[in-house]
Amino acid sequence: MKKTYSGTGFKNVTIAFMVLIGVVLANVGFNFYLISESKNTIAKMTEVINPYIESLEKFNLMVTESKMYSTNWTYLKYSKDDEDKKELQALHKTRYPELKKELEGFLTKLDKKADRDSLRAVFKKFNDLLVVEEEIMETLASADDYEIPIKKLGCEAIIDDEVLPRTAAIKKQLSKIIKRNREEADNMKHDIEADTFKLMTIMLIASVVLFLFVIFAVYFISNAIKKPVVKMKDVVQQLSKGELTDEKVEVKENVIGEMAHAVNILADSFTKTSEFAKQIGSGNLSVNYDKLSDNDVLGNALIHMRDSLRTYADEMETKVRERTKEVLEKGVKLEHAYREIKDSISYAKRIQESILPSDQMITRVFDQSYILYKPKDIVCGDFYWYTQQGDDAVIAALDCTGHGVPGALMTVIGNSLLNQIVNFSGITSPAKILSQLDKKLQETLKQHGEIATNDGMDAAICTYNMKKKEITFAGAKRPLYIFKNSELIEIKGNKTPIGSYQHYGDKFFTEQRFNVNQSDTIYLFSDGIQDQFGGDEGKKFMIKRFRDMLKGLQPLSMKDQVASLENEIAAWQGQYEQTDDMLLIGIRF
């Protein structure tokens, strides 16, 4: 009996390979779609959203600058060369219109109705604020205008009643807009990260599926050729035994032979494909690939994938260069902005230093004295004050809420109020000075109005009568230390601070008087030294160590005390950052 075995199984093998190619192409197409979507999202975030948030931050800073410049215009005497006045005029004429135009352009691109309505409301409020500031600028247009009390006091009232409340309202509304956009940017960033993770997961799953499909194809091919090969083996075995058989395997020219040839080609193609894919995976997108034929679907798909990746890589490289250039340009702008801010704060430092009393003023009365003054930042929230009214010399150490720029603004207010109370009103009683300072500070900061702040200051004030050799002391949360015969005596102040809405009602400050003898030494100070972290365990300096340090300084001259203090504080602080502003006034009689 003669049986014929045909190669119909190879038709199914061809179909299997076509399905395999389809899976690869589908995987490549889907990955390309995900990559394109991610690229568009990143472009929107870097080109529109982040610059938009930066412009909002600039607007928020501009509102603060407007308040600061208009306040300085009111309280600092007019001068043509005053940089703050020039800056305020520039803000009105050019900076604000340019920034407004820039923000409106972003709103057009983003098409965010909520931001558009909110920002238009902010623009209107800021325009109204600029009108108020222009009224101040026109009222105090020359140095002579500052000598007219009704003009200057009127402008000060405008600052208190209009500029400060309006500025606070604008900044509050701007902060909400900035917060909302930052949250949207964070959500977009999280979406990008999620899409990236999803892409990696899909590619991993596709690779596993492709691997399983290859295993299945190999198994299918093996089964397709197993039967004719087994039959050929039976025939060969029979012939090897010398047995004759009528059973023949009809083999066409393209069945077993072509199958073996096709399998070899397939193995080679898989090897080449694997090597090609490996080269692409390692980033070599210039590698060549020899197709099996012009109609090699898998080869054409792989080459198309390589060319697509090469094009995409070139585009990404161009984008990276462009983004790098943009980042560098923005870095230059940020550096410029940082220098401007630092210069502004340095200028504020010069202003703050200019209001502090000179050493010569103090040493005319207290020849054996020193002031240890160490700001935490460029500008300081601690300050000292001195004046002389007849036989009375008044000296004070004050610690304002916060440090840096906010604290420095409080020192300017405190210095101005002390000048009004003592130099203009002639009050030298420390208790009355503290009461007046508390009242005027609360009026200035509107702590009894609709806007309540917790800003205030601690203070220690001494009045020294040069004829009687008598000290009168009053303190608001700050004590006075006096050393008599190297023994420390602590004279405590009252427990309520100056200002602060948490301490409202009628405050009462008490005075204590005592005579001083030759070699007696007094100290007025803030809490900056005792709150400094340091030492081996990073603990606070604490009040006990502070007292012991002062006691150990008593055998030294006042000049040597300063050097010893700085060395001991530096040794304690070590590598730790300065915690707070430091102020210590020492006077020996």
* Pair Glu156-Tyr75, side-chain donor/acceptor within less than 3.5 Å -> no
* Using a distance-only test with no angle check, is there a side-chain donor-acceptor pair under 3.5 angstrom linking Lys374 and Gln578? -> no
* To do: May I ask you to establish whether Lys100 and Phe123 are in a cation-pi arrangement, using a distance under 6.0 Å from NZ or CZ to the six-membered ring centre and at most 45° from the ring axis?
  => yes
* Check whether any side-chain heavy atom of Lys540 lies under 4.5 Å from a side-chain heavy atom of Gln530, and answer yes or no. => no
* How many angstroms lie between atom CG of Asp115 and atom NZ of Lys176, to the nearest 0.5 angstrom? -> 13.5 Å
* Considering residues, nucleotides and ligands other than Lys330, do more than 12 of their heavy atoms fall under 6.0 Å from its NZ? -> yes
* To do: Could you tell me whether a side-chain N or O of Asn415 sits under 3.5 Å from a main-chain N or O of Thr411, the two making a donor and an acceptor?
  => no
* To do: Identify the heavy atoms of Thr94 and Pro97 that sit nearest to each other, and give their distance.
  => O-CD, 3.2 Å
* Any side-chain donor paired with an acceptor under 3.5 Å for Asp438 and Gln442? -> yes
* **Polar contact flag, side-chain donor to acceptor under 3.5 angstrom, Tyr96-Asn127** => yes
* Between the main-chain N or O of Val412 and the side-chain N or O of Ser416, is there a donor-acceptor pair closer than 3.5 Å? -> no
* To do: State, to 0.1 Å, how close Leu103 and Ser55 come at their nearest heavy-atom pair, and which atoms those are.
  => CD2-CB, 3.5 Å
* Asked: Does Asp391 come within less than 4.0 Å of Lys467, counting only side-chain N to carboxylate O?
  -> yes
* **Salt bridge flag under 4.0 Å for residues Glu65 and Lys58** => no
* Side chain proximity check, Thr74 to Tyr146, heavy atoms < 4.5 angstrom -> no
* So does Arg182 pair up with Asp186, basic N to acidic O under 4.0 Å? -> no
* Heavy-atom side-chain contact between Phe533 and Trp572 under 4.5 Å -> no
* Between Asn494 and Thr510, what is the shortest heavy-atom contact and its length? -> OD1-N, 2.9 Å
* Asked: Side chains of Asp382 and Ser526: do they bring a donor and an acceptor to under 3.5 Å?
  -> yes
* To do: May I ask you to say whether Lys151 pairs ionically with Asp145, meaning some side-chain N is under 4.0 Å from a carboxylate O?
  => yes
* Could you check Thr387, Val394, Leu398 and say which one makes a side-chain contact (heavy atoms from CB on, under 4.5 Å) with Leu418? => Leu398
* 4.5 Å side-chain heavy-atom contact, Met410 and Leu445 -> yes
* Asked: So, for Gln173 and Ala121, which heavy atoms are closest and what is the spacing to 0.1 Å?
  -> NE2-CB, 3.7 Å
* State, without any angle test, whether Thr64 and Lys171 hold a side-chain donor-acceptor pair at a distance under 3.5 Å. => yes
* To do: Could you check whether the rings of Tyr464 and Phe589 sit parallel, tilted or perpendicular, using 30° and 60° as the cut-offs?
  => tilted
* Asked: Does Lys432 come within less than 4.0 Å of Glu511, counting only side-chain N to carboxylate O?
  -> no
* Asked: What is the minimum heavy-atom distance between Leu356 and Tyr384, and which atoms define it?
  -> CD2-O, 3.6 Å
* Asked: side chain to side chain donor-acceptor pair (under 3.5 Å) with Glu133: which of Arg166, His92, Lys67?
  -> His92
* Can a donor-acceptor pair be found between the side chains of Gln389 and Thr428 at a distance below 3.5 Å? -> no
* Salt bridge Glu326-Arg323, side-chain N to carboxylate O under 4.0 Å -> yes
* Which pair of heavy atoms, one from Ile491 and one from Phe473, lies closest together, and at what distance? -> O-CE2, 3.6 Å
* **Exercise: do Tyr370 and Asp359 side chains pair donor with acceptor under 3.5 Å** => no
* Asked: Do the non-hydrogen side-chain atoms of Arg478 and Phe525 ever get within less than 4.5 Å of each other?
  -> yes
